[in-house]
S.K.: 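Next up is a structure, given as structure tokens.
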There are 4 protein chains.
Amino acid sequence: LRAKFFDVIIVGGGVIGCSIAYQLSKQGKQVLLLDRGKVGGESSQAAAGMLGVQAELDIDNPLYKLAKRSRNLFPSIAEELREITGRDILLQHNGMLKIAQTEEAAIHLKEIVKQQQSLNEEATWLTKEEVLQIEPSLSEHLVGGIHFPNESNVSAVELTTAFAEAAVHYGTRIKEYSYVENLVIKNDICKGIQTNYGEYAAEHVVLATGAWSSKWLPDPLQTNTIYPVKGEAFLVRTNPVPIKKTIFGNGCYIVPKKGGELLIGATMKSHTFNKEVSLGGISELMQKAMEILPCLSDAEVSSMWAGIRPMTSDGIPIIGPHPEIEGVTFATGHFRNGILLSPITGHLVANQLLGIEQEQLGLDVMNPNRFFRQEMVMSK
Amino acid sequence: LRAKFFDVIIVGGGVIGCSIAYQLSKQGKQVLLLDRGKVGGESSQAAAGMLGVQAELDIDNPLYKLAKRSRNLFPSIAEELREITGRDILLQHNGMLKIAQTEEAAIHLKEIVKQQQSLNEEATWLTKEEVLQIEPSLSEHLVGGIHFPNESNVSAVELTTAFAEAAVHYGTRIKEYSYVENLVIKNDICKGIQTNYGEYAAEHVVLATGAWSSKWLPDPLQTNTIYPVKGEAFLVRTNPVPIKKTIFGNGCYIVPKKGGELLIGATMKSHTFNKEVSLGGISELMQKAMEILPCLSDAEVSSMWAGIRPMTSDGIPIIGPHPEIEGVTFATGHFRNGILLSPITGHLVANQLLGIEQEQLGLDVMNPNRFFRQEMVMSK
Amino acid sequence: LRAKFFDVIIVGGGVIGCSIAYQLSKQGKQVLLLDRGKVGGESSQAAAGMLGVQAELDIDNPLYKLAKRSRNLFPSIAEELREITGRDILLQHNGMLKIAQTEEAAIHLKEIVKQQQSLNEEATWLTKEEVLQIEPSLSEHLVGGIHFPNESNVSAVELTTAFAEAAVHYGTRIKEYSYVENLVIKNDICKGIQTNYGEYAAEHVVLATGAWSSKWLPDPLQTNTIYPVKGEAFLVRTNPVPIKKTIFGNGCYIVPKKGGELLIGATMKSHTFNKEVSLGGISELMQKAMEILPCLSDAEVSSMWAGIRPMTSDGIPIIGPHPEIEGVTFATGHFRNGILLSPITGHLVANQLLGIEQEQLGLDVMNPNRFFRQEMVMSK
Amino acid sequence: LRAKFFDVIIVGGGVIGCSIAYQLSKQGKQVLLLDRGKVGGESSQAAAGMLGVQAELDIDNPLYKLAKRSRNLFPSIAEELREITGRDILLQHNGMLKIAQTEEAAIHLKEIVKQQQSLNEEATWLTKEEVLQIEPSLSEHLVGGIHFPNESNVSAVELTTAFAEAAVHYGTRIKEYSYVENLVIKNDICKGIQTNYGEYAAEHVVLATGAWSSKWLPDPLQTNTIYPVKGEAFLVRTNPVPIKKTIFGNGCYIVPKKGGELLIGATMKSHTFNKEVSLGGISELMQKAMEILPCLSDAEVSSMWAGIRPMTSDGIPIIGPHPEIEGVTFATGHFRNGILLSPITGHLVANQLLGIEQEQLGLDVMNPNRFFRQEMVMSK
């Protein structure tokens, strides 16, 4: 290969790619990070930045522990990134209320509280009155809710940018507007990549390409192994800010961001890369938000957008070595949990490439080989 | 007055002020047009551009004949403006369907058809099947509708800009970002105006200041004689375009604009100058639009905005001489009909100032003195 | 192939792809048009829309005749597209002034006039005084200029959209946000394409992918055969509009668009896909524009943007069959002439695929095989 | 007056009005703050947020001490506002380099250093080499520069919003989109104000209306006592950030903002309220910035804007009681120093209205009566 040599090339400058670049370059590796457009320009800038572990994942989900571990990394990551870059990722430990708007939902949520408490997790069932005492602006059409005091949120944009800047601080080279046409493979070993700017050689290539990852998979796996799920969201301004905690209701969450705006998300539409805001999607989300928090009716809609999340066929991210091509590592498929899982993913992938032994932490379950084994069966 | 002298100063560069400037300067008058911001920057750029006479006004409304006369002026105005400015005001004679979504509404609309037909106006009642034959994308939840084949629409922005450019062509001087602080009045005769750029003298001052007109009225008339009514609207893109005619339903109209976008309006909220798009307002409008035209659910929302219309206490514009101050003429209060009435208003005011005799055309009913007489009674 | 079958799949929804889709579907072909983003979302929306043949191309350039032929197609294309879509492509026959700002430039331009006149082309040398008589707002720092009365301009955005809508009218199916991962090739015959939405089969695949075309070329041709050249431009508003004709000066052109804005372009920077507006690029362009037209100093800058043009190593577009893969046709590399050449490219490619015999019109010189032959030599 | 009664009504929701509202309501006063548009929507959002005392003001300027006092208030204000509102005003003590690009400028700057040092102010002359050691990306076309280590900067937008939110926290009521038509005056005593929403009564009215203040002055003072000076500025993104300190050069300053963008300002054009960005203004500013920091040539221009600053005929703000109307207080005319002077202005005006005795701090020199005395002379 007639090209500059790097220790690691990371394809994709979303929050996952940036977090990995940060950890690797901090350990002294020569890293090249490529993005087809701008760093953080896709789902990382569309995300709500909720760090919802208990509210988002069942306690027996294989990601649960991993997600909790990742959430716990945020305070130190926030501190580190502030020191290196001067940037504030706007971490807020404001807690979350997951509310039940029907009796049926209440039964389900009470079950969750039991499970959580049986494992000594902090989660409390609140009656309607107790919920309204904490958040008096909520609609009275609710039965009760769970209070998760440890759930928090960050600015997804600031986090991604801070990871990128901190990576650059440690020597990572970033090339935006770079298209990776192909991996350069010889004898099932990846030697580097071919881009619109020429070729680059590297010992390792990490594919952190989010919803645009299926092209790296063999043909029979391309259709459904990893696929796009569009999400629409919007931002409103109100004065004064009517809630303190993140509210998680039926098909809708409302996140009070530092600075006073409320971020409201998110719709789900599978198998499309279309990033337009649809009339049907956004207006249904608006209705749901007002059912939870009626005073939003007078709020100013300050912006609307859509992003494309990477979903996998089993709902679990794909992290680990390519089973057929040496030197290629996947780090994708984080669906709605990319911001939350970005710190731990950075550590896991860096440790793996550096040959540092680590707790399994669910690595098994995320291993890409689970799909390739299937494929062999399919092909037979 | 130590100031440049004009024949007429027009305060307010919306579609009304620009139309008057055009007619006056075409007749050789020296005209100065002032706007606090940019020409066409307020409700003229927020308007849908529907030319709805039969669909918007009752047949016994004193504005009905005036509005019809104004609508009929559009083809020749479009031609004139194109010749002078090269600009296309995007006039479309696509007709309008006013639909009944309930049996009750159908009874009301059938009554309108009778009235219209009794005066030989073109208006036909269509059954549900007939409506759906013309516009097969409409929801089947409708009872029937009126077809008004003569209703049409224009681009409100292009019309306003074309009037302004045609006025400049005939010598009108436009000063944007000019604040008129006060009228200069001596012995109940207006001698000119005082602005942030200094004073300007003129024989006549025309107040075409839309929703911001109450400051020109005496104190007891300021609160409710003329007041702002906010309207929110939005634009969607669909492909292919699902309707040909303007659809007028319950609290919502959908206008297919030249170029393929659909403009959907409009909410009404009185007594506010706030131009933010509210969550409650816009989402209700979105729901109504989808009830009429379900395929809008997949349409891309390309923009949203609000404008401030000038409403009067009796719903009729205020056009004519100030009853107490010589040299001052009102031309305001057009509410939802500013675009439609702009050609006729330009003619009426110009003729009045030029001393040209004209048909009454409803001038009596629009005369400002109707409020001042009232005021005298109030003060007694 | 387990996929829907089309006669022709066109990859790339810029003005070239849309023009080809229009011609083919008008002839009854089943066409699928795919775009990675939105139709017309890349250089077609960044273009100035100048139809500059005599001002842009040397008379002995192999594209000259083709370009002239294409320019002459615009009046009928405008008419056709208006009839089908109702859309006005804003064709203006306003002519062009190519000015000399130095004596040296004047000598060169006079030479061009001679060449043009020797072939009976309409082009006249004007002295400084004559130039200023036609365009009195131009700076007096000029020596003279050529008047090309037949040069004209269109709206690049309206043209692209109108081609797309007219194609849809004749049955073309458009899928936006579609990524073509690979051509499906068996025994050197292309059977269709593989996309993020699955596979599509077709008899022919047309590659109209502009600056993003090198991925379709064999490895040794990827670097320089076709490459991106970024161009920055901006739009200003002035009142009144100071020029009537397009002005072509030193490194800068100023196009008066219908509607009164002036479009000013364009910088050139090779080998980058970065679409940001750079401080150095845009400010130099601004300085050049003010040297030509000093009154621009007070004009409002209403927007700035950049687009990525497809340049080829010999400056000639790449149009014609893939020399090594049956069923694949190139239609790319139009550099600064994509809008101008779009009508003729649509005809040429459609005729070729339909097997209609046609004049050569420079097809030879644009044949992709010129590069592949080279490659064989290189590889030896 | 048939209206709600307040202790103090503040007209104008820029940084000055908001700072005064904060101090007064913190002291228990009932405050109403009105803005014609949105809070912070005019020059407060256009400001660069530099806290430049030594770099902006001559040491014998009557504002010098006041400005220094105000700058010193920022750390505690930042702390207070963060506690109350959770908002970070992004205060940065990064220091400033005022560079000399010519020998002549160097002589002048060395003189300033002497003056500063004679009063024990921190200011050091640096040679070219020393400047380039601190900021190696600066152009070598410089002679030397002054280092002011105590100069700092904030986010103008965050500061204004935080003052407003903190005021609301203490009970201030904010009404946006409110037009104050007139002061209500009886026997030379102000009783309240008349707005588009009706009348409001108050003991005191504070006029913090920035460049739009001349309407409150008697006729002979309206033209030049206080007038608008437009300023254009722009923001660029670079990676990595090339400077650490604010650079102050010839007609141009470059402020590195927290978050990595560089804010570059600012042009000056008197006597216009036009907020458009002009081609001549912005391109000259761009050229100056690149002369100082050549690597900006590759930076992305991310936004451009203009704001309207309030200048006075003697260059000093107008703060203090109206000499002819009891109950009215001016707080306007801060020109380029509104952000810097906002903390001290809040204290001064609040103390004055609360009858708290205070150091003079230049109150004399800012007293509005200096113009009114003049007027009496003029009128004689």
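All chains are named by letter (A, B, ...) in the order of the sequence lines, taking the proteins before the strands, and each is independently numbered beginning at 1.
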S.K.: Just verifying a value: how many Å separate A:Thr272 OG1 and C:Asn196 CG, rounded to the nearest 0.5 Å?
M.R.: 8.5 Å
S.K.: Does any heavy atom of chain C fall under 4.5 Å from the side chain of A:Tyr227, the backbone, both, or neither of them?
M.R.: neither
S.K.: Would you find more than 12 non-hydrogen atoms of other residues, nucleotides or ligands less than 6.0 Å from C:Glu284 atom CD?
M.R.: no
S.K.: Does A:Lys215 NZ have over 12 foreign heavy atoms under 6.0 Å away?
M.R.: yes
S.K.: Report which part of A:Ser178 has an atom under 4.5 Å of a heavy atom belonging to chain C: side chain, backbone, both, or neither.
M.R.: neither
S.K.: Using a heavy-atom distance cut-off of less than 4.5 Å, which residues of residues 32-43 of chain C contact chain A?
M.R.: C:Arg36, C:Lys38
S.K.: With side-chain contact (heavy atoms from CB on, under 4.5 Å) as the criterion, how do C:Tyr177 and A:Glu276 come out once you've worked through the C-alpha distance, each side chain's angles and the decisive distance to 0.1 Å?
M.R.: CA-CA 10 Å; C:Tyr177 299 99; A:Glu276 297 162 2; 3.8 Å; yes
